[in-house]
Amino acid sequence: MKRKLTLVLVFVVALSLLLSAAPSSAREGVEIVVWFTGDDQQAEALSIAADIWEAETGNTVSVEAVGWGDAYARALTATTSGEGADILMGGMSWGISLGELGGMVNLAEKYPDDIAAIAEASNPGFYEAIVSRDGSIYGVPYNLDIYLMYYRTDLIETPPATWDELRDTIAALQADGAQGMAIVWGNGDWLGFTNVLYQAGGQWYTDDCSAAAVNSDEGLEALDFYVEMFDSLGAPAESTDVGTGLSTGDYPIVIDGEWTASGIDASFPDLAGKWGVAPLPAGPSGAYTAFIGGKMMGIFSFSDNVDTAFDFMKFLGGEASAEAQTAAYFERQNIFVPPQTAWGSYIKGGEVLNEALNAQLLDAVGPPNCYGWEEVNNDVTLQLQAALFEDQDLEDTLYEIEAIMNDGLEEFGK
Amino acid sequence: MTSMTSAPAAWSIQLRKGLHRIWKAQTSYIMLLPFLVPFMIFVAIPIVSSAYLSLTEYRGVKNNPPVYVGFDNFTELLSVEVKEFPYRVDEDTGESVYRCGRKNIVESEVAAYEAENDESCERAFARPREVLSDGYQEVNHYTIFGKTYIIGARDARFWHALQNTTTYVIAVVILNVIFGMGLALALQKQTFFNMTLRTIFFLPSVTSTVAVTVVWSWIFRGQDYGLINAVRNALGADSTIIFLRNVDWTLPVLIMLAVWGGMGYNMILFLAGLQNISQDIYEAASIDGANTRQKFRFITLPLLRPTLLFVTVTGTIGAFQVFESIYVLFTDAEGVGGILDSGLSSVVYLYDQGFRQFNLGYASAIAWILFFIIFVLTLINLRAGRTREEA
């Protein structure tokens with residue numbers, strides 16, 4: 001009798017353990033831990049959106065802000081140890097790199113229908129950048145960052161819409177004593193070059209990622225213009241920030257990310273009403289493409305709450321979250337750009353900014369998702385800098401970049 | 001039969017004796033534990049692990065355990081080749097190619113270009129990739145006795161970092177010795193003024209490198225609000241110097257920071273050394289008619305030799321490990337070594353490989369190469385010091 005009772009007890013305990021360890025479907029009373037790469041204020045804004053989901057589902061969300069400098073190392077350590085948060089929000093390329101190491105859940109495999117819907121709703125430039133070459137998706141878009149052109153409205157009547165207009169505008173400004181234009185985000189590296197490369201009609205790789213495509217006539221035209229920006233259009237090697245450049249009048253045109261817009265008036269009250277923002281000037285191909293960055297959100301493969309975490313991520317891609325987060329960011333003098341094209345109208349940055357931002361989002365491109373790019377892009381930047389600051393021949397530069405990228409494809413390609 | 005039983009018995013007796021000795025000295029071993037345990041955990045085990053990892057390919061992830069690759073990491077890092085660097089010839093016309101600004105043009109068009117652009121052209125070298133073996137990239141090229149040679153490496157960034165580090169170490173160690181000794185000699189008298197100055201010069205040594213470097217980064221900023229440029233502008237300079245995004249300025253800035261931060265510490269060491277030199281020797285030399293320069297050359301310098309050796313050895317080790325100032329000044333989301341890697345040092349490259357690219361096996365191999373370099377340099381220093389003492 002005693003033995004039977006013991007067996008029954010063991011069976012009950014084992015069953016309860018098994019049930020608690022079984023993969024969960026979205027359920028109530030679960031705590032989702034989020035590692036948010038960014039500052040405390042942005043994490044706070046995320047928590048405000050999370051409150052809505054908590055009220056709807058009865059689950060709780062714990063958001064922890066992690067600085068950009070530490071976040072990737074921390075995510076990798078979590079992948080190594082199998083312990084950490086449920087959700088990671090971080091750099092858009094992190095999903096692929098951590099996913100290929102086995103650290104993130106392949107969402108395309110686990111939730112094919114939901115992922116198809118997310119793909120449909122998201123900005124195509126961003127979405128393409130987060131899909132692995134084998135079709136795996138380890139993260140979905142959380143927010144967008146994109147280049148814009150800031151300018152002094154009292155010095156420039158109409159913002160330049162083409163490369164030629166930019167040349168003419170800068171020449172006129174320089175004649176009046178200005179230094180010229182400045183680039184802040186990605187100054188002198190591959191990010192800044194991506195803009196002009198696509199504006200010239202070029203691209204980094206072939207569409208199927210089988211080879212580098214940058215060494216082309218379009219690539220040469222782009223590099224020539226990139227060099228011109230630093231040589232004669234006044235772009236300084238060590239950049240200024242937007243507010244200072246505009247405020248002093250040294251740089252009446254500054255190219256930077258959209259997030260800068262939120263702090264200009266507060267930090268430089270003298271600029272109030274004197275600055276505007278526009279999409280980047282179009283190149284010879286007619287494209288005014290801007291590099292698009294932002295954060296992805298993915299689920300760690302060791303998470304016990306995969307379904308609930310994905311449910312929260314789906315909520316974050318929805319309308320209620322977009323509305324709440326854009327408002328919360330705005331209150332904190334920040335700008336939240338939802339990745340879903342439908343929620344563009346919620347962006348709070350003023351009419352001019354919204355118009356420029358939504359126009360620029362229509363022509364945007366993310367980083368290449370080809371094998372080896374993450375590993376070689378630093379070498380690509382070194383070559384670009386050799387052309388910009390060491391007078392390296394432009395054709396030689398593109399020849400070398402092409403070789404570096406193809407070496408990367410060969411070494412890291414699968 | 002006897003031999004079979006007696007051997008283990010003797011071994012067992014030895015073991016028992018050993019254990020008994022340990023038991024008798026148990027207090028000593030217990031006293032050693034507070035040092036020994038952390039030493040094993042934080043020093044010995046990581047060193048052994050790093051030696052093992054240097055022979056593996058390891059991305060630091062549980063699902064991808066280290067894969068043993070033998071000495072591949074070391075081969076990749078240390079593979080270097082030197083080849084003659086030929087001038088470029090145009091493939092279509094067979095003419096020599098000249099480099100004019102950013103353009104490469106054929107010889108027949110050079111005169112017209114130079115006249116039109118008012119700049120001179122020079123012979124262009126072949127593309128490094130076409131000269132070097134597969135997988136090698138240019139580290140540098142040098143002209144010796146009229147012939148130009150290209151140095152290529154499989155990991156050109158490592159060699160570039162090593163080149164930067166070597167320049168940095170030589171400059172920092174020499175300047176820190178000169179300035180440290182100079183300050184010690186100038187401030188050795190115990191007056192209030194000297195003691196105040198000593199404190200001021202020593203202050204950077206006890207200040208956080210990171211905090212100090214942040215302040216210096218503002219001083220060196222290229223815009224008008226950088227302190228140096230602001231002063232230059234106030235004095236009438238019509239252009240700003242971009243210190244931190246200029247290949248020619250990167251190393252001098254780093255060297256200046258290190259010398260500013262390190263000479264006070266060396267001054268204290270030299271002061272201690274100077275105080276150990278008996279005044280009687282100087283008095284005897286004065287009686288013999290020695291002048292100040294002779295006293296320094298034949299008394300101070302030889303008797304400061306142990307301090308000089310210590311300062312040189314520790315200075316070399318410290319300079320080889322330079323990291324914080326480069327990290328603060330040049331590391332951003334896209335890179336670690338500043339513009340064109342002009343500030344990339346060996347330890348910063350190790351950090352880049354280990355903690356940004358997560359090539360932990362490769363980073364471990366770099367660490368062991370650096371250890372070996374520092375070890376050899378220290379041996380050379382010690383040997384040189386001993387030889388001088390023996391002489």
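First the proteins, then the strands, lettered A, B, ... as listed; each starts at 1. Just so we're clear, the structure is a prediction, and the values are computed from it rather than from any experiment.
Only the side chain of B/R157 comes within less than 4.5 Å of a heavy atom in chain A; its backbone stays farther off. Both the backbone and the side chain of A/I404 have a heavy atom closer than 4.5 Å to some heavy atom of chain B. Only the side chain of A/Y251 comes within contact range of chain B, judged by heavy atoms closer than 4.5 Å. Contact annotation for A/D379: only side-chain heavy atoms (C-beta onward) come within less than 4.5 Å of a heavy atom of chain B. Within the 4.5 angstrom heavy-atom criterion, no atom of A/T397 approaches chain B.
By the 4.0 Å N-to-carboxylate-O rule, B/R129 lies too far from A/D396 to be salt-bridged with it.
When the options A/D231, A/D224, A/D393 are evaluated for a side-chain hydrogen bond (donor to acceptor under 3.5 Å, both in side chains) with B/R102, the one that passes is A/D231.
Within 6.0 Å of the CD atom in B/E130, the count of heavy atoms belonging to other residues, nucleotides or ligands exceeds 12. More than 12 heavy atoms of other shown residues, nucleotides or ligands fall within 6.0 angstrom of atom CD in B/E119. Atom CG of B/D134 has 12 or fewer neighbouring heavy atoms from other residues, nucleotides or ligands inside a 6.0 Å radius. The environment of CD in A/E109 is sparse: at most 12 heavy-atom neighbours from other residues, nucleotides or ligands sit within 6.0 Å. Within 6.0 Å of atom CD in B/E57, 12 or fewer heavy atoms from other residues, nucleotides or ligands are found, so the atom counts as exposed in its surroundings. Other residues, nucleotides and ligands contribute more than 12 heavy atoms inside 6.0 Å of the CH2 atom of A/W259.
Using a 4.5 Å cut-off on side-chain heavy atoms (C-beta onward), A/F389 and B/I339 make contact.
Ranked by heavy-atom pairs shorter than 4.5 Å toward chain A, the options B/R221, B/K103, B/Q357, B/Q137 are led by B/R221. Contacts with chain A were tallied for B/D341, B/D352, B/N359, B/N246; B/D341 has the most, counting heavy-atom pairs under 4.5 Å.
Counting only distance, with no hydrogens or angles, the side chain of A/E238 and the backbone of B/I242 share no donor-acceptor pair below 3.5 Å. Here the side chain of B/R99 pairs a donor or acceptor atom with the backbone of A/D391 at under 3.5 angstrom.
Scanning both residues, A/E390 and B/L340, for their nearest heavy atoms gives CG-CD1, 3.1 Å. In terms of heavy-atom proximity, A/G188 sits nearest to B/R245 at CA-NH2, 4.2 Å.
In this structure, the ring of A/Y72 has its center no less than 6.0 angstrom from the ring center of B/F355.
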